[in-house]
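Structure first, commentary second.
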Amino acid sequence: MLQIIGLHASINGKEILKGIDLTVNPGEIHAIMGPNGSGKSTLASILAGREDYEVTAGTVLFNGKDVFEMSPEERSREGLFLAFQYPVEIPGVSTANFLKTAVNEVRKHRGMEPLDAMDFLTLMREKAKLVEMDSSFFSRSLNEGFSGGEKKRNEIFQMAMLEPTLSILDETDSGLDIDALRIVSEGVNKLKSSSNSTIVITHYQRLLNYIVPDVVHVLYKGRIMKTGGKELALELEERGYDWIKTESEETV
Amino acid sequence: MKLQDYIVADYSTKAEHLNGFAGSRFHALRQQAFEQLSTQSFPTVKNEEWKYTNVQALVAQTYTTPDTTIASVNEYCIPDMECIKVVFVNGEFSATLSDSLADIHGLTAGSLHNEYASNKDVIDEKLGTAVNTETNAFTTANTAVMNDGLFVNVAKNTIIEKPLYVLSIVDATAGNTLVQPRHLLLFGENSQATVIFRTVTLGANSSVTNQIVECFAERAAIVNCYVVQDDSENASIINTHNTHQNANSVLNIVTVSLSGAIIRNTVGTKLNEQNTEAHMYGLYVTDGKTHVDNHTVMDHAVANCHSNELYKGILDGNSQGVFNGKIFVREDAQKTLAYQSNRNILLSNTATVNTKPQLEIWADDVKCSHGCTVGQLDEEALFYLRARGIGERNAKALLLTAFAEDITEKISIEALRNFINSKIEQRLIQ
């Protein structure tokens, strides 16, 4: 599904990622944890195609295709989805209109007929239930005036609509109260299948009680310092990140 | 003939063929303006009000008088829009191309020239009182040779359901053409009507429309004016649109500029009596060399009035935008609410905008605000849309259309709104 090989990246000449190697297979959930500034969100942004970063070395293959050869929209149409840490408010563009455009572009790419208005509405209603979203959101401007929790639910709703094969959840748990966290995680779990994969980027272990990872990676100073099973997340929760930092300094 | 000479000749012809206008106030206004004009010159960029809009090319070029025959105006109509068509060809009313204006209950409408004889009193009372010929030679020139245009008088307590579609056809096939329409709109007490203005230039030469609209809203009248400027790249328009509002009246005016050479709109309203509302909206979506200058004047003369003004621009290519928004709050105009905003998006490095809010407030218990922004497309929003599979071009169009719809949604006629939105969409998606 996803292969990251020797990825180095920098912004304004400052190196953020210093050699990332990561393989995600179909059906797997990977968690990437790490302290602030370790490069977690940078990795997510680079995978989604944000242009602020300069990739200085390495390769990323998504279903065997070089993602750096693809525009952000092509990556999305190929099945890569980023749930934004900070979803953007877009006044004047309704959620329905936006999603209809997006879904039909993705369908076109997959050789499917565009959905007509009725089928689309039915699909929206069905998927909105996953994250307990009210249909009154459809006609509202995208994310405008949404609470933090509503924005994150809207991200998972979009994920449900676009049916990606690889979803990257960038700090989806940040700013969520316990109810919203439950709704969002349940949504993600319902969308899970043996053919799609998820990368959960988070600072805290909390989310991983709900979305149980197969593999946990610890990112620190632009490198994956440790990889383990779900128990690694618990260990991090108990011991914090300091022991990883110490270990990393010892290895350096 | 150059502009000034052309106007002199035009005036002389009119003065020699007065017919029913001999000794009239109508002609007296022309005469007075003509004399004023000899002491005025057309504005240059040294004039503060015309600092960013250079009209010297229009002043210096030569003009001819076209001889035009038009069989049908169907192609110049707004698709699916039910309306009362009022057609002018080279500034003169065309009864054959216009819809019948008789027998519409409560409406007196037609050619200002033809209606003068039977509506002399009301026309004499109002004509020329909403414009000032002392400061602007274009206004003076229009007044010196004024002859025809739309005359509308909506009777008290009358709602005119269908909008009046004022279509001005200017023929510039044989040479440069100057037309100077003079429109007079009277809205009686508690009446309501909608007037749409649009100019279509034929041919590849330069056309110049120096148009004046004088509009009077009596007590509790609701006035909707939509101005559509989507003419050819050689078409220029100097559009002066002034309204006088009496108590409880509401003015909604939307000016949409999409193409043309030099477009100068001076839109003003005087809130003369209490509890008056004025909503002034403008949108310019331009590319190429189009120059759009919107000067607005919101004149709060008395207390308890509300004005709201929003102008938005999307500029590409080498196009230029100018916004100057004046709000006057006179000493007596306590409890005034006046809001103004001008927002611009530049899509190219060569497009420019000059924007200037200008508030003069003499009253001390008022709420006024103004703001202007000039920026680029929101990159974060663009990335967000692209990350959902929407191609860059479509994503830009989606964002810009949403930006523009803040203005187009103010147009209450669906067919017209669709017509304008689809024109904007075509432009943005290209």
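Letters A, B, ... are given to chains in the order of the sequence lines, protein chains preceding strands, and every chain is numbered from 1.
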Quick check for you: to the nearest 0.5 Å, what is the distance between A:Glu89 atom CD and B:Glu380 atom CD?
12.5 Å

Value rounded to 0.5 Å, distance of CZ in B:Arg388 from CD in A:Glu155:
4.5 Å

Is it true that, when you exclude A:Lys65 itself, more than 12 heavy atoms of the residues, nucleotides or ligands shown sit nearer than 6.0 Å to its NZ?
no

By side chain to side chain contact (heavy atoms under 4.5 Å, CB included), A:Asp66 pairs with (sequence neighbours left out) A:Leu61, A:Phe68, A:Glu69

A:Glu51, part contacting chain B, at a heavy-atom distance under 4.5 Å
side chain

CZ of B:Arg343: more than 12 outside heavy atoms within 6.0 angstrom?
no

Report which part of A:Arg50 has an atom under 4.5 Å of a heavy atom belonging to chain B: side chain, backbone, both, or neither.
both

Heavy-atom contact with chain B under 4.5 Å, split by part of A:Pro91:
backbone

Among B:Ala381, B:Gly391, B:Gly389, B:Ala402, which residue has the highest count of heavy-atom pairs closer than 4.5 Å to chain A?
B:Gly389

Count the heavy atoms belonging to other residues, nucleotides or ligands that lie under 6.0 Å from NZ of B:Lys396, then report whether that count exceeds 12.
no

Taking atom NZ as the centre, does B:Lys326 end up with more than 12 heavy-atom neighbours from other residues, nucleotides or ligands that are less than 6.0 angstrom away?
yes

Examine whether an atom of A:Asn104 lies under 4.5 Å from a heavy atom of chain B, and if so say whether it belongs to the side chain, the backbone or both; otherwise answer neither.
neither

Heavy-atom pairs under 4.5 Å with chain A: which of B:Asp406, B:Leu385, B:Thr401 has the most?
B:Leu385

Are more than 12 heavy atoms from other residues, nucleotides or ligands located less than 6.0 Å from atom NZ of A:Lys108?
no

If you define the side chain from C-beta out and look only at heavy atoms, does anything of A:Asn97 sit under 4.5 Å from B:Leu398?
yes

In terms of heavy-atom proximity below 4.5 Å to chain A, should B:Glu409 be classed as side chain, backbone, both, or neither?
neither

Determine all donor-acceptor pairs shorter than 3.5 Å in which one atom belongs to a side chain in residues 135-149 of chain A; sequence neighbours excluded.
from     : atom 1 : to       : atom 2 : distance (Å)
A:Ser136 : OG     : A:Asp134 : OD2    : 2.9
A:Ser141 : OG     : A:Gly92  : N      : 2.9
A:Asn143 : OD1    : A:Asn154 : ND2    : 3.0
A:Asn143 : ND2    : A:Val88  : O      : 2.9
A:Asn143 : ND2    : B:Tyr384 : OH     : 3.3
A:Ser147 : OG     : A:Glu150 : N      : 3.2

Under 4.5 Å, counting heavy-atom pairs only, tell me which of A:Ala48, A:Ala102, A:Ser71 racks up the most with chain B.
A:Ala102

